[in-house]
Amino acid sequence: MLKTLHIENIAVIERADVEFSAGLSVLTGETGAGKSIIIDSLNAVLGNRVSRELVRSGAERASVTASFESAQAERWCADNEIDADDGEIILQRRISTDGKSTGRVNGVPVTASQLRELGALLLDIHGQNDGRQLLDERRHLDYLDAFGECGEALAAYRETYDAYRALVRESERLSMDEAEKQRLEESLRYRIAELSKAEIRPGEEAELTERRDLLRNSEKLTEHISSALAALYDSDSSAVAQCGNAEYNVSRAGAWSADLAETEEIIRSARLALEDASERLREKQQLLDFSPEEYDRLEERIAQLRRLEKKYSTDEEGLAALLADSERRLDELEYAGDRLAQLEKETAKVYALAEKKACALTDIRQAAAKRLEERVVGELRDLSMPSVRFEVRLLSREGKNALSASGADEVSFVMSANAGEALGPISRIASGGELSRIMLALKNVFAEKDGVDALIFDEIDTGVSGVAAQRVAEKLASLGRTKQVLCVTHLPQIAAMAQQQYLVEKAEHGGRTYTNIRLLDREGRRYELARLSGGDMITDIQLAGAEELLARDERFRASLS
């Protein structure tokens, strides 16, 4: 459930704080007052794409913060190692004027995709785009699968279908004419011979380069190392000799002063360290003993490695992997006939299993289609469409290419809104008001399956009036018994049915436009309902009518309990 919403510097809203309750709530106000901005703000905090134009003019950045209560979201937070104190989930999105945005969940930075993932568990926003999706027959199968809870059967089918497609791809790779096969074999054999002869060893180039650079500077190195050895060890006045002399004299002095034993040990340690350093230098000096032929061999080998790396556009590890892959592919070609015969049997077996799982999926969809038809027709009749017919047309493909990633089925929703009319695509049959009611009916049906606690309807009343508007209001109130519902509306029938009503107002101060959102009390609701019914010339009769509307809808809500 959405509990609070805090908006800063979003379009014409400088600052707004709104607290929400369970049940049905509505947002009303003049056209252009900023009702859609609230929906935009919620879309932003749920991780949807945002534009820099959303930031209020003159502000450096905008922010939206929303708090929720949701068991599903708590589990998501636990899976993502985010603390959810007392079950409260706080989402925040900040947008700067350069178009960059940042998101947080309970203070922890998250990506926009994570916000979207979490947002899908918290809030379902229905806008005009959902209506377009309903008209898109490519989405109808997704609607049916969601209603029929086909996810498990679809996943089982896809696992087998993906295995079948992998076998087909392998068969296609091995199936080629003899001339093409011969050309590929020759190419692979040449590559294998070239790489095998090179005896590629990962890390070799770095070692060779280091050795070459060492030899390239060997004269200077030898000179300095010899000088260092002379200073440390190879002369009568060397550091080691001087330390040895000092150690001897301190040892003799220790016969008369026992406290010099520690000093003697320090000098001995220094002498041993100097001897060790001398030995290391001598070993290094021996490494510099090389012939010009060794340097030439290093240069030649490095050049060979770099030529191969350039030719095949990869490094030493890649060359080694390329050799192994080429050997594997050559083996495949040499035994392609045997493998193709084996693949033919495996493919037939896996395809038969995929067909079986596709049939099981079709059975589930057919049963779900019948249930969906009954539910949607019932919902639409409740929404003042008594003669409506709604049908889920499910066509199962047959033949060699029947299967696809979604199974063997094609689905489309068709309807007839009036008695005597033939069934047809929703896009051709439904008017604007009918489309709004169809969308509400489907949302009401699907809401039972999706587990989302809060629904938002933006302009669900488009093209609806009169009795149909009253039925839409009743349906929203019924939905509000089990879900939190927030609706942006211009219709008094829907506004009066709400348990909470918020007025969105726009005003000008100091040459700037400001939008304010406030929760109306009963008296405020009477005036707002009267305005929705009759405009700005509010009369006592209109106020009385608004009071009657509120009282009637209160009785209706009570009847739902």
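As the structure is a prediction and not an experimental result, all values here were calculated from the model.
- Every ring-ring contact (aromatic ring centres under 6.0 Å, His included) that Tyr157 has, sequence neighbours left out, goes to Tyr161.
- By the 4.5 Å heavy-atom criterion applied to side chains, Leu486 and Phe457 are not counted as neighbours.
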Stepwise side chain to side chain contact (heavy atoms under 4.5 Å, CB included) test for Asp83 and Asn106: CA-CA 7 Å; Asp83 292 332; Asn106 286 2; 5.5 Å; no

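- The stretch residues 364-390 participates, sequence neighbours left out, in these ring pair (Phe, Tyr, Trp, His ring centres under 6.0 Å) pairs: Phe390-Phe413.
- Scanning all heavy atoms of the two residues, the minimum distance from Ala120 to Val452 falls at O-CG2, 3.3 Å.
- A distance of 6.5 Å separates CG of Leu543 from OG1 of Thr539, quoted to the nearest 0.5 Å.
- Looking at Asp162 and Arg165, no side-chain N of the basic residue comes within less than 4.0 Å of a carboxylate O on the acidic one, giving no salt bridge.
- Under the 4.5 Å side-chain criterion, counting only non-hydrogen atoms from C-beta, Asp325 is in contact with Arg328.
- Taking the side chain as every heavy atom from C-beta outward, Leu372 and Val445 approach each other to under 4.5 Å.
- Counting only distance, with no hydrogens or angles, the side chain of Ser478 and the backbone of Glu474 share no donor-acceptor pair below 3.5 Å.
- Judged as a salt bridge (Lys or Arg N to Asp or Glu O under 4.0 Å), the pairs with a partner in residues 497-514 (not counting sequence neighbours) are, in order, Glu505-Arg518.
- Contact check for His6 versus Arg15: side-chain heavy atoms found under the 4.5 Å cut-off.
- Contact record, Glu316 with Glu205: OE2-N, 2.7 Å, taken as the closest heavy-atom pair.
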What pairs of donor and acceptor atoms, side-chain ones from residues 19-29 against any protein atom, are under 3.5 angstrom apart with sequence neighbours left out?
{"unit_1": "Ser25", "atom_1": "OG", "unit_2": "Gln500", "atom_2": "NE2", "d": "2.7"}
{"unit_1": "Thr28", "atom_1": "OG1", "unit_2": "Gln501", "atom_2": "NE2", "d": "3.2"}
{"unit_1": "Thr28", "atom_1": "OG1", "unit_2": "Glu528", "atom_2": "OE2", "d": "3.0"}

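- Under the side chain to side chain contact (heavy atoms under 4.5 Å, CB included) criterion, Glu159 pairs with no residue, sequence neighbours left out.
- Residues passing the side chain to side chain contact (heavy atoms under 4.5 Å, CB included) test with Lys100 are Ser96, Asp98, sequence neighbours excluded.
- For the pair Arg437/Val472, a side-chain contact is recorded, criterion being any heavy-atom separation below 4.5 Å from C-beta on.
- The closest side-chain heavy-atom distance from Ile89 to Leu118 is below 4.5 Å.
- Residues that satisfy the side chain to side chain contact (heavy atoms under 4.5 Å, CB included) test with Asn48, not counting sequence neighbours, are Asn43, Leu46, Arg116.
- Of the N and O atoms on the side chains of Glu379 and Asn444, at least one donor lies less than 3.5 Å from an acceptor on the other residue.
- The structure places OG1 of Thr4 at 7.0 Å from CD1 of Ile90, a figure rounded to the nearest 0.5 Å.
- Residue Phe147 comes nearest to Arg371 through the heavy atom pair CE2-CB, 3.8 Å, listed as atom of the first residue, atom of the second, then distance.
- For Glu210, the CD atom is loosely surrounded, since the number of other residues' heavy atoms within 6.0 Å does not exceed 12.
- Pairs of residues two or more places apart, or lying in two chains, that qualify as salt bridge (Lys or Arg N to Asp or Glu O under 4.0 Å) and include a residue from residues 380-390 are Asp382-Lys475.
- Arg93 and Ser101 share a donor-acceptor pair across their side chains, judged by distance under 3.5 Å alone.
- Pairs passing the salt bridge (Lys or Arg N to Asp or Glu O under 4.0 Å) check and including a residue from residues 547-560, sequence neighbours excluded, read Arg522-Glu547, Arg522-Glu554, Arg526-Glu547.
- A salt bridge links Arg531 with Glu30; the closest basic N to acidic carboxylate O contact falls under 4.0 Å.
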Stepwise side chain to side chain contact (heavy atoms under 4.5 Å, CB included) check, Arg393 with His140: CA-CA 10 Å; Arg393 286 184 175 169; His140 292 179; over 6 Å; no

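- Relative to the six-membered ring of Tyr514, Arg56 meets both conditions, a distance below 6.0 Å and an angle of at most 45° to the axis.
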Trace of the side chain to side chain contact (heavy atoms under 4.5 Å, CB included) decision for Leu423 with Glu391: CA-CA 8 Å; Leu423 292 165; Glu391 184 178 299; 3.4 Å; yes

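- Atom CZ in Arg397 sits 7.5 Å away from atom CG in Leu403 (nearest 0.5 Å).
- Proximity of Thr314 to Glu309: side-chain heavy atoms (C-beta onward) are nowhere separated by under 4.5 Å.
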Side chain to side chain contact (heavy atoms under 4.5 Å, CB included) evaluation trace for Leu154 with Arg365: CA-CA 10 Å; Leu154 180 58; Arg365 285 169 171 165; 3.9 Å; yes

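- When side chains are defined from C-beta on, Val110 counts as touching Ile82, because their heavy atoms get closer than 4.5 Å.
- The local environment of OH in Tyr527 is sparse, with at most 12 non-hydrogen atoms from other residues, nucleotides or ligands closer than 6.0 Å.
- Atom CD of Gln92 sits about 10.0 Å away from atom CG of Leu115, to the nearest 0.5 Å.
- Here OG1 of Thr102 is found 7.5 Å from CZ of Arg61. Values are rounded to the nearest 0.5 Å.
- In terms of heavy-atom proximity, Ala354 sits nearest to Thr160 at N-CG2, 3.6 Å.
- Closest approach of Ser396 to Asp409, counting heavy atoms only: OG-OD1, 2.8 Å.
- A donor-acceptor distance shorter than 3.5 angstrom exists from the side chain of Gln114 to the backbone of Thr111, with no hydrogens or angles considered.
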Step-by-step salt bridge (charged side-chain N to carboxylate O under 4.0 Å, His left out) determination, Lys483 to Asp453: CA-CA 5 Å; Lys483 302 277 186 176; Asp453 296 328; 5.2 Å; no

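- Closest of all the heavy-atom pairs between Gly524 and Asp521 is N-OD1, 2.7 Å.
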Return a table of donor-acceptor pairs under 3.5 angstrom between the side chains of residues 74-81 and protein atoms on other chains or two or more places apart.
{"unit_1": "Trp76", "atom_1": "NE1", "unit_2": "Glu117", "atom_2": "OE2", "d": "2.8"}
{"unit_1": "Asn80", "atom_1": "ND2", "unit_2": "Trp76", "atom_2": "O", "d": "2.8"}

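- Although no hydrogens or angles enter the test, the distance criterion places no donor-acceptor pair under 3.5 Å between the side chain of Ser51 and the main chain of Leu54.
- Rounded to the nearest 0.5 Å, atoms OG (Ser67) and CG (Leu122) are 10.5 Å apart.
- Residues passing the salt bridge (charged side-chain N to carboxylate O under 4.0 Å, His left out) test with Arg169, sequence neighbours excluded: none.
- Glu207 pairs by the side chain to side chain contact (heavy atoms under 4.5 Å, CB included) definition with Arg201, not counting sequence neighbours.
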